[in-house]
Amino acid sequence: MNDRQTGRADVSLQMEHILYEVKKIVVGQDHFLERVLVAILAQGHLLVEGVPGLAKTLTVNTLARTIRGTFRRIQFTPDLVPADLVGTRIYNQKTGEFTTSFGPVFTNLLLADEINRAPAKVQSALLEVMQEYQVTIAGESHPVPQPFLVMATQNPIETEGTYPLPEAQVDRFMMKVLVGYPSEEEEFVIVNRVTGAAAAVAAVATTEQLSLLQRECRTGYVDPALVQYAVRLVSATRNPERYGIDNVAQYLSYGASPRATIHLVEGARALAFLRGRTYVLPEDLTDLAPDVLRHRLSLSYEALSDALTPDQIIHRIMKHIPAPERPLETHVKVGEHA
């Protein structure tokens with residue numbers, strides 16, 4: 001077994017241990033949990049949409065315990081100010097000096113609950129830390145701990161008192177995941193687990209080990225044909241007529257940015273590592289495409305009047321742009337021995 005294969009096994013095994021510990025507490029939500037692990041490996045951020053009570057906070061809190069990381073939760077409200085997020089300078093009357101009081105963003109896993117309830121100034125403060133992994137307080141920059149992941153939630157059934165997220169901030173999220181209700185069997189297990197004895201969660205990794213896993217994940221091989229496929233998918237959201245998708249153009253005001261292509265490739269590489277591979281296959285890209293693209297599409301009035309969702313438009317585009325065949329075995333071997 002070469003070094004690349006050893007790295008793949010280490011990443012897959014370590015993430016399996018983390019997932020096993022999280023599943024002691026969280027029932028179901030396999031798609032959601034997989035996307036959280038993809039975001040961690042790919043160093044991205046998650047936007048989660050789901051009604052209350054679907055274990056969004058519990059998932060992130062449990063995950064932080066499994067990696068010996070720190071966890072903070074911020075309840076976004078209309079009266080929140082940037083200092084509540086990043087911190088501020090405090091004057092000490094005894095010493096006559098200013099000291100910096102750091103805010104809750106200085107953590108490994110940050111849960112921004114109901115992010116669309118905060119005004120634009122707070123959104124801008126969060127934008128810097130999501131993109132630059134640092135905050136600026138009184139003109140001085142302070143890096144946040146690594147690894148750093150923001151998981152923001154939105155409630156789809158409450159729109160009063162909410163602010164639309166700026167497009168620039170929405171684009172910083174690697175994926176938008178839709179969390180649904182559990183099945184009857186899963187809900188039965190949830191009730192028994194919550195009303196019974198609390199399960200113990202073991203810390204199976206450190207933040208340093210997680211950083212090593214992230215670096216190992218970036219060495220995964222992506223065939224140029226798959227990168228081109230990702231480029232074509234994203235480009236088709238901007239100019240669908242170029243690809244012969246005439247029935248989509250009227251429904252889009254504008255499409256996804258190049259950041260979507262980057263996130264699609266990086267996310268597919270992380271998903272491949274979770275599945276025990278050091279190379280990406282077409283199904284890794286096609287599985288992630290809706291999650292990476294759905295929040296980056298701006299729908300026109302025609303789409304709203306026809307009750308079309310971003311997912312339906314994405315599926316139309318994917319039908320017209322077929323995924324390439326699986327990478328040649330020679331390409332895979334070249335990638336593994338590079």
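Placement of Tyr133 and Leu85 within a single hydrophobic cluster is found when ILVMFWY residues are connected by side-chain heavy-atom separations under 4.5 Å, directly or transitively. Cluster annotation: Phe71 is connected to Leu63 through the hydrophobic network of ILVMFWY side chains, with a link wherever side-chain heavy atoms come within less than 4.5 Å. Linking ILVMFWY side-chain heavy atoms closer than 4.5 Å, directly or via other members, places Val170 and Ile115 in a single hydrophobic cluster. Connection of Ile67 to Val204 is established within a shared hydrophobic cluster, with ILVMFWY side chains joined at heavy-atom distances below 4.5 Å, either directly or through further cluster members. Under the 4.5 Å side-chain heavy-atom criterion for Ile, Leu, Val, Met, Phe, Trp and Tyr, Leu149 and Leu58 are members of the same hydrophobic cluster.
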Practice prompt. Show your reasoning for whether side chain to side chain contact (heavy atoms under 4.5 Å, CB included) applies to Thr278 and Phe273.
Written response: CA-CA 6 Å; Thr278 56; Phe273 266 81; 4.1 Å; yes
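Here Arg269 does not pair with Asp284 in a salt bridge; the nearest charged N to carboxylate O distance is not below 4.0 Å.
None of Leu47, Val48, Val36, Leu288 except one satisfies the side chain to side chain contact (heavy atoms under 4.5 Å, CB included) rule with Met175; the exception is Leu288.
No side-chain N or O of Asp311 forms a donor-acceptor pair with one of Thr309 less than 3.5 Å apart.
Between Glu266 and Cys217 the shortest side-chain heavy-atom distance does not fall below 4.5 Å. You'll find the side chain of Val38 stays beyond 4.5 Å of the side chain of Asp291, heavy atoms only. Considering only heavy atoms from C-beta on, Thr107 stays 4.5 Å or farther from Pro145 through its side chain. The shortest side-chain heavy-atom distance between Thr237 and Arg296 does not fall under the 4.5 Å cut-off. You'll find the side chain of Leu19 stays beyond 4.5 Å of the side chain of Glu34, heavy atoms only. Contact check for Met174 versus Arg259: no side-chain heavy atoms found under the 4.5 Å cut-off. No side-chain heavy atom of Val150 sits under 4.5 Å from any side-chain heavy atom of Val105. Counting heavy atoms from C-beta on, the side chains of Tyr229 and Thr286 come closer than 4.5 Å.
Minimum interatomic distance between Leu297 and Gly255 (heavy atoms only, all atoms of both residues): CD2-CA, 4.1 Å. What you find for Pro322 and His320 is that their closest heavy atoms are CD-O, 3.4 Å. Across all non-hydrogen atoms, the minimal contact from Leu299 to Leu308 is CD1-O, 3.5 Å. Heavy atoms only, all atoms of each residue included: Arg232 and Ile321 are closest at O-CD1, 3.6 Å. The shortest heavy-atom contact between Leu226 and Val280 is CD1-O, 3.1 Å. Closest approach of Val177 and Arg35 over heavy atoms only: CG2-CB, 3.8 Å.
Put simply, the side chain of Ser211 gets close to the backbone of Thr207: a donor and an acceptor are under 3.5 Å apart.
Annotation: Arg238, atom CZ; neighbour count of heavy atoms from other residues, nucleotides and ligands within 6.0 Å is above 12. Other residues, nucleotides and ligands contribute at most 12 non-hydrogen atoms within 6.0 Å of the CD atom of Glu184. Around CZ of Phe102, the count of heavy atoms belonging to other residues, nucleotides or ligands within 6.0 Å exceeds 12.
Taking the ring centroids of Phe173 and His295, they lie at or beyond the 6.0 Å cut-off.
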